[in-house]
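Notes follow the structure.
Below, chain A is the first sequence line, B the second, and so on; all start at residue 1. Keep in mind that the numbers below use all heavy atoms, side chains included, and drop hydrogens, waters and symmetry copies.
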There are 2 protein chains.
Amino acid sequence: MQKEHSLSKNQKIIFDLIDKSGEPMKAYSILFNVQKKGIKAPLQVYRALDKLVEIGKIHKIESRNAFIACQNSSCQISKATAFSICESCENVSEISNSKLSKYLSNFSDDSGMKYSKYNLEFFGLCKKCKSK
Amino acid sequence: MQKEHSLSKNQKIIFDLIDKSGEPMKAYSILFNVQKKGIKAPLQVYRALDKLVEIGKIHKIESRNAFIACQNSSCQISKATAFSICESCENVSEISNSKLSKYLSNFSDDSGMKYSKYNLEFFGLCKKCKSK
DNA sequence: TTATAAATGTTATATTATTACATAACGTTA
DNA sequence: TAACGTTATGTAATAATATAACATTTATAA
Ligand SMILES: [Zn+2]
Ligand SMILES: [Zn+2]
Ligand SMILES: [Zn+2]
Ligand SMILES: [Zn+2]
């Protein structure tokens with residue numbers, strides 16, 4: 001069981017927005033959406049995003065410069081993330097596959113490097129887009 | 001055996017620079033370095049980068065917004081890329097591990113999605129940085 | 001309480017990437 | 001060769017993403 005982080009005011013506003021949206025959101029779109037709540041500057045958004053990423057409540061989809069709420073309740077620290085991304089409709093979902101995460105968490109090669117973290121992004125066409 | 005792409009003038013200038021550097025380069029650093037060769041505008045750089053990525057001569061390190069020459073001669077199309085990134089010295093190298101690439105290329109889950117491409121980034125400390 | 005760390009507010013600026021439009025070079029085939 | 005479509009180039013302007021610097025406030029805990 002992990003320590004429950006209590007979010008600060010800005011962190012909560014921004015997390016709630018991302019979580020409710022259910023899809024990746026971009027920083028400036030977040031900013032636009034929270035201006036009525038008094039968050040006026042990019043930096044306020046980025047600071048909250050940084051913290052939320054750090055504690056694993058959200059993840060950054062690197063290839064899209066966007067942020068999505070963690071869909072995997074057991075993933076409290078963002079050290080092992082995997083996503084599937086539809087290149088047509090841009091739907092993103094977090095992959096929760098214990099075989100995959102075990103395989104990658106235990107991966108090592110002959111470089112002498114110890115990997116403490118990974119991020120994997122799969123691309124393709126989702127069911128809907130495939131059948132069009 | 002794959003078709004050899006003949007690079008255009010700008011593509012060649014930019015590929016040669018990235019290839020010689022041996023490490024990830026950022027777009028505006030590339031721009032700065034090729035201005036003496038007549039490439040003056042960001043768009044000229046980004047267009048060449050796009051093409052070089054498309055044909056697999058370079059890869060984008062998404063978490064760093066940087067571009068590195070393909071270190072794996074057999075990787076002509078960027079559909080299956082894996083990198084190790086040192087979070088201390090920022091050294092990046094392309095992982096060439098057939099088991100890993102087979103595992104990931106064949107990965108499928110119950111989402112009904114067909115994955116045609118992936119990008120994996122491992123993070124940690126390299127040998128040098130570990131021993132400091 | 002007092003110290004420390006974490007979070008906030010604000011302005012300005014840096015960095016990364018694309019739009020829009022005009023022109024030139026190249027490859028194919030009639 | 002001439003015409004055509006495709007790819008690449010040049011140039012200016014601007015959009016989108018992210019951080020620096022500094023002042024202040026709020027939360028946490030010894
Ligand atoms: Zn997660
Ligand atoms: Zn789709
Ligand atoms: Zn490669
Ligand atoms: Zn290192």
Side-chain angles (χ1 to χ4, degrees), chain A residues 3-18 21 23-68 77-78 87 90 92 119 121, chain B residues 3-18 21 23-68 78 85 87 90 92 119 121:
Chain A
K3 182 183 183 299
E4 183 65 23
H5 280 272
S6 60
L7 303 182
S8 74
K9 178 171 137 281
N10 288 0
Q11 288 158 17
K12 185 160 180 3
I13 290 169
I14 287 172
F15 174 71
D16 286 347
L17 175 68
I18 299 173
S21 100
E23 55 186 24
M25 292 192 75
K26 306 204 141 210
Y28 277 73
S29 153
I30 292 168
L31 175 57
F32 177 80
N33 279 279
V34 296
Q35 275 177 331
K36 48 184 173 289
K37 304 234 176 188
I39 295 176
K40 293 174 196 156
L43 190 48
Q44 295 176 291
V45 172
Y46 280 106
R47 283 198 284 223
L49 290 173
D50 283 352
K51 187 69 185 186
L52 291 167
V53 165
E54 187 192 325
I55 64 180
K57 300 282 288 182
I58 65 172
H59 304 300
K60 183 171 188 182
I61 311 298
E62 293 287 357
S63 66
R64 299 298 186 263
N65 296 321
F67 301 84
I68 193 168
I77 32 170
S78 312
E87 290 185 296
E90 291 295 323
V92 172
N119 179 56
E121 297 181 2
Chain B
K3 185 182 181 299
E4 182 65 23
H5 280 272
S6 60
L7 302 181
S8 74
K9 176 172 138 279
N10 289 1
Q11 288 158 16
K12 187 163 181 355
I13 290 170
I14 287 173
F15 174 69
D16 286 348
L17 175 68
I18 299 173
S21 100
E23 55 186 24
M25 293 192 75
K26 305 203 141 209
Y28 278 72
S29 154
I30 292 168
L31 176 58
F32 178 80
N33 278 279
V34 297
Q35 274 176 332
K36 47 183 175 286
K37 304 232 177 191
I39 295 176
K40 292 173 198 159
L43 189 50
Q44 294 175 293
V45 172
Y46 281 105
R47 283 198 285 225
L49 290 174
D50 284 351
K51 187 70 187 185
L52 291 167
V53 166
E54 186 192 324
I55 64 180
K57 300 282 287 182
I58 65 172
H59 304 301
K60 183 171 187 180
I61 310 300
E62 293 286 358
S63 65
R64 299 299 185 262
N65 296 320
F67 300 85
I68 193 168
S78 312
I85 303 173
E87 289 185 297
E90 291 293 324
V92 172
N119 179 56
E121 297 180 5

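- The distance from atom CD of A/Glu62 to atom P of C/dA17 is 12 Å, rounded to the nearest whole Å.
- Between the P atom of D/dT9 and the CG atom of B/Leu52 lies a distance of 10 Å, rounded to the nearest Å.
- Relative to the side chain of A/Lys26, the nucleotides D/dT17, D/dG10, D/dC22 differ in distance, and D/dT17 lies closest.
- Dashed line: the shortest gap from a side-chain N or O of B/Lys40 to OP1 or OP2 of D/dG10 is not under 4.0 Å.
- If you measure from atom CD1 of A/Ile30 to atom P of D/dA18, you get 10 Å, rounded to the nearest angstrom.
- Here the nucleotide nearest the side chain of B/Asn10, chosen from C/dA17, D/dG10, C/dA20, is D/dG10.
- Side-chain nitrogen and oxygen atoms of A/Lys60 include at least one within less than 4.0 Å of the OP1 or OP2 phosphate oxygen of D/dA18.
- Between B/Lys9 and D/dG10, a side-chain N or O to OP1/OP2 separation shorter than 4.0 Å is present.
- Taking all atoms of both residues into account, the shortest heavy-atom contact from A/Phe67 to A/Leu49 is CE1-CD1, 3.6 Å.
- Between A/Ile39 and B/Asp50, the residue anchored nearer the 5' end of DNA chain C, judged by the nucleotide with its closest heavy atom, is A/Ile39.
- For C/dA17, its base sits under 3.5 Å from the side chain of B/Tyr28 at one donor and acceptor pair at least.
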Open item on the list: Using the rule given for side chain to side chain contact (heavy atoms under 4.5 Å, CB included), can you reason through B/Gln44 versus B/Val34, listing the C-alpha separation, both sets of side-chain angles and the distance that settles it, and then say yes or no?
Closed with: CA-CA 10 Å; B/Gln44 294 175 293; B/Val34 297; over 6 Å; no
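- Phosphate contact (OP1/OP2 of D/dT26, side-chain N/O of A/Ser8, threshold under 4.0 Å): absent.
- Mapped onto DNA chain D by nearest heavy atom, B/Pro42 and B/Ala48 fall at different nucleotides, with B/Ala48 at the one closer to the 5' end.
- In this structure, B/Ser63 and B/Ile85 have side chains that are in contact, with non-hydrogen atoms separated by less than 4.5 Å.
- Between A/Asn65 and C/dA17 there is no side-chain N or O to OP1 or OP2 distance below 4.0 Å.
- Between B/Tyr46 and C/dA17 there is a side-chain polar atom (N or O) within less than 4.0 angstrom of OP1 or OP2.
- The separation between B/Arg47 atom CZ and D/dG10 atom C1' is 7 Å, rounded to whole Å.
- With rounding to whole Å, B/Leu49 atom CG is found 12 Å from C/dT16 atom C1'.
- If you measure from atom CD of B/Gln11 to atom C1' of C/dA25, you get 13 Å, rounded to the nearest angstrom.
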- [ ] Decide side chain to side chain contact (heavy atoms under 4.5 Å, CB included) for A/Leu52 and A/Leu7; before the verdict, give the C-alpha distance in whole Å, the side-chain angles of both, and the deciding distance to 0.1 Å.
- [x] CA-CA 9 Å; A/Leu52 291 167; A/Leu7 303 182; 3.9 Å; yes
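- Look at A/Lys51 and you'll find a side-chain N or O under 4.0 angstrom from OP1 or OP2 of C/dA7.
- From A/Ile14, atom CD1 reaches atom NZ of A/Lys51 across 14.0 Å, with rounding to the nearest 0.5 Å.
- Rounding to the nearest 0.5 Å gives a distance of 6.5 Å between CD of A/Glu121 and CD of B/Glu62.
- Taking side-chain N and O atoms only, A/Gln44 has a distance below 4.0 Å to OP1 or OP2 of C/dG9.
- Residue B/Lys37 places no side-chain N or O under 4.0 Å from the OP1 or OP2 atom of D/dT9.
- Residue B/Leu31 contributes atom CG, which lies 13 Å from atom P of C/dT15 at whole-angstrom precision.
- Rounded to an integer number of Å, the gap from CD of A/Glu54 to P of C/dA5 is 15 Å.
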